[in-house]
Amino acid sequence: MGNAMGTDIYTLGADIGSAASKCVILKNGAEMAASTVESAGAGTGGPARAFEGVLAKAGLRREDIAMITATGYGRNSFAEADLVISELSAHAIGAAAFFPGVRTVIDIGGQDAKVLRLTEAGVLDNFVMNDKCAAGTGRFLEVMARILELDVTQLGDMDGKAEQSAGISSTCTVFAESEVISQLAKGTPIPEIVRGIHESAAVRTASLVRRMNLVLPAAVTGGVAQNRGMIRALGQELGCELMISPDSQLCGAYGAALHAYRKAGQ
Amino acid sequence: MSRIDDILTQLETISRNPRAQLDACLAAGKKAVGVMPYFCPEELVYAAGMQPFGLWGADMVCDQSRRYYPAFICSILHSVLELGITGKLAGLSAIMIPFSCDSLKGMATNWEVSVKDIPVINVAYAQNRKIDAGTEFTASQLRKIRGQLAEIAGREITDADIAAAVEVYNADRAAIIAFADAAGKHPKLVPAAKRSAVIKAGFFMDRAEHAKLLTELAELLAAEPGDRGYIRVVTTGILADSPALLEIFEENRICIAADQIAAESVDARTQTPVTEDPIIGMAERYGKLEGCSILFDPGKQRGKELVELAKQAGAEGIIWVMTKFCDPEEYDFVPVKRMADAAGIRVLSLEVDRQMVNYEQIRSAVQAFAEMC
């Protein structure tokens, strides 16, 4: 498995999601040599940009990469891939590396949410996915942010400014949108509405977690893990601490790169 | 082409073109009667010299049916009603509609209002189907249906006719089970979509011919070496005939080792006892059926049977093909899954719908399930 960079082994994981494309290059299956996140997912130019970008950042060429594993919604259309794994397996591998000993992983992605159960050895043992509904997913938060004329990345900070929560009772994206508009019409402060939105989404996500029976410790992965307000609301709803990582959005790509490394060694 | 491929192609063609089967039947001067799920007394139709024509709906967008059913009623009923309203079932002499679930309870009325030229035969079975009074009630209903069918057929239906039909159906049920068992050992020769099509073809053709072909197929398969390297599963649910879904199983080297699907082996697993009055035998059979959420099953025999099936088949998991908006299935899922969990058997639930066009979430779930196994 020698390559242009000497004896080091570089592997690449590409997580082609519905809303974003993420790539990670791992050096010797341990060190993250480079990563990219492009806010454009499957079927766009995002995957190619993320791929070319991560190679450029790492100062590597395609032929320097020993193995590439693709995952995510667009995994089967990523032509550079040597291997393909489901995003559930990729997140499980990534989460086991990010959070050693983690037993429950809540992955909130752009258009779906998944709860993974890992064995004590960090192997995927069971999972549930959300129904075909945007509630409790990143899309729900994006829709709500748009109504509030906010960027989705501002929701976490906005939640922190709230003194109380505006009740958003519906977990349906369409009906919740109406409720948010009603709250705006009543003059409810935006931070309170944001907190209500997070609590509404947290109820939905927590119900998915409960279908699996929560086993601790638990972690949140996916882009939504960057939203402190959502993590607070979800932790409160589940009655536990949730682990997050600054690289949570890269968890699937990291897991894919680690999978590639393990396969390259076989 | 080998004889195995020849039979598979023949049955696959029938299952994919039910209207052509119906047209051929009508052209031959034979009457046909639509048979909706679940467990309608097809034998009586057969005994009357008519062709039973299975109606489990179709993968299609429903539009007209929405005038009669809200969107949250299962797509099997929606699509059957849509086919009726849009004239796709023209030529049927009647349709048998049971009352097996809450959604079906409104089906006969909706049909009578929206499809004027195909009369309804109501099929009422006893809820408490295992007690003597239940058998007696079911038998009384079957006798009523026998009279209605005789009127449509324009001929008497004798006990001998029914006994002969029961014999044909028992033979076909045995052939389906033998085929399903053989297919479970040969997923390369009979991938999941073909397996489904072979069983489904029986809804649209003479059961005696179906039995003959399936028996031959099972014998031919038995002479072939078994395929290795597949993940063996047992499927359960109401219906699992979507080629798009079953192709995802194939992509992930999943072999259906056995099934507990209402439209596949559930009906076939129970033979009709041979009784002096064949109607009594048919009513008794309804009391013996197991493994379906619409059957009154207070002890959840379904879960015990499913776990046993999985163990016998050497299955690594159970795939629950969950028909969207099916309350009986949703209610069964929790206790039955607990039984599987207790037995250490993994369960994957996939929600499906006749109107689905995007299977990407299912693709991820099936691939992850295969990666776990």
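Convention: sequence-line order gives letters A, B, ...; per-chain numbering from 1.
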Minimum-distance pair of heavy atoms, taken over all atoms of B:Ala365 and A:Phe127: O-CZ, 3.3 Å

Those residues of residues 337-346 of chain B, ordered by number, that approach chain A below 4.5 Å (heavy atom to heavy atom): B:Lys337, B:Arg346

Proximal to chain B - members of residues 68-77 of chain A, heavy-atom separation under 4.5 Å: A:Tyr73, A:Arg75, A:Asn76

Neighbour count above 12 (heavy atom, 6.0 Å) for B:Arg67 CZ: no

B:Lys105 atom NZ, over 12 foreign heavy atoms within 6.0 Å: yes

Spatial distance of atom CD1 (A:Ile85) from atom CD (B:Glu371) [nearest 0.5 Å]: 6.0 Å

In residues 73-81 of chain B, what donor-acceptor pairs under 3.5 Å come from side-chain atoms, sequence neighbours left out?
unit_1	atom_1	unit_2	atom_2	d
B:Ser75	OG	B:Asp353	OD1	3.3
B:Ser75	OG	B:Arg354	N	2.8
B:His78	ND1	B:Ser65	OG	2.7
B:His78	NE2	B:Pro70	O	2.8
B:Ser79	OG	B:Ala58	N	3.1
B:Ser79	OG	B:Ser75	O	2.8
B:Ser79	OG	B:Ile76	O	3.2

Within-4.5 Å side-chain heavy-atom neighbours: B:Gln361 and A:Asp112: yes

Nearest-0.5 Å distance, CE of residue B:Met372 to CG of residue A:Asp125: 7.0 Å

Non-hydrogen atoms of A:Ser86 and B:Ser364 that approach each other most closely: CB-O, 3.7 Å

Residues of residues 87-99 of chain A with any heavy atom under 4.5 Å of a heavy atom in chain B: A:Glu87, A:Leu88, A:Ser89

A:Val84 portion near chain B, given a 4.5 angstrom heavy-atom threshold: both

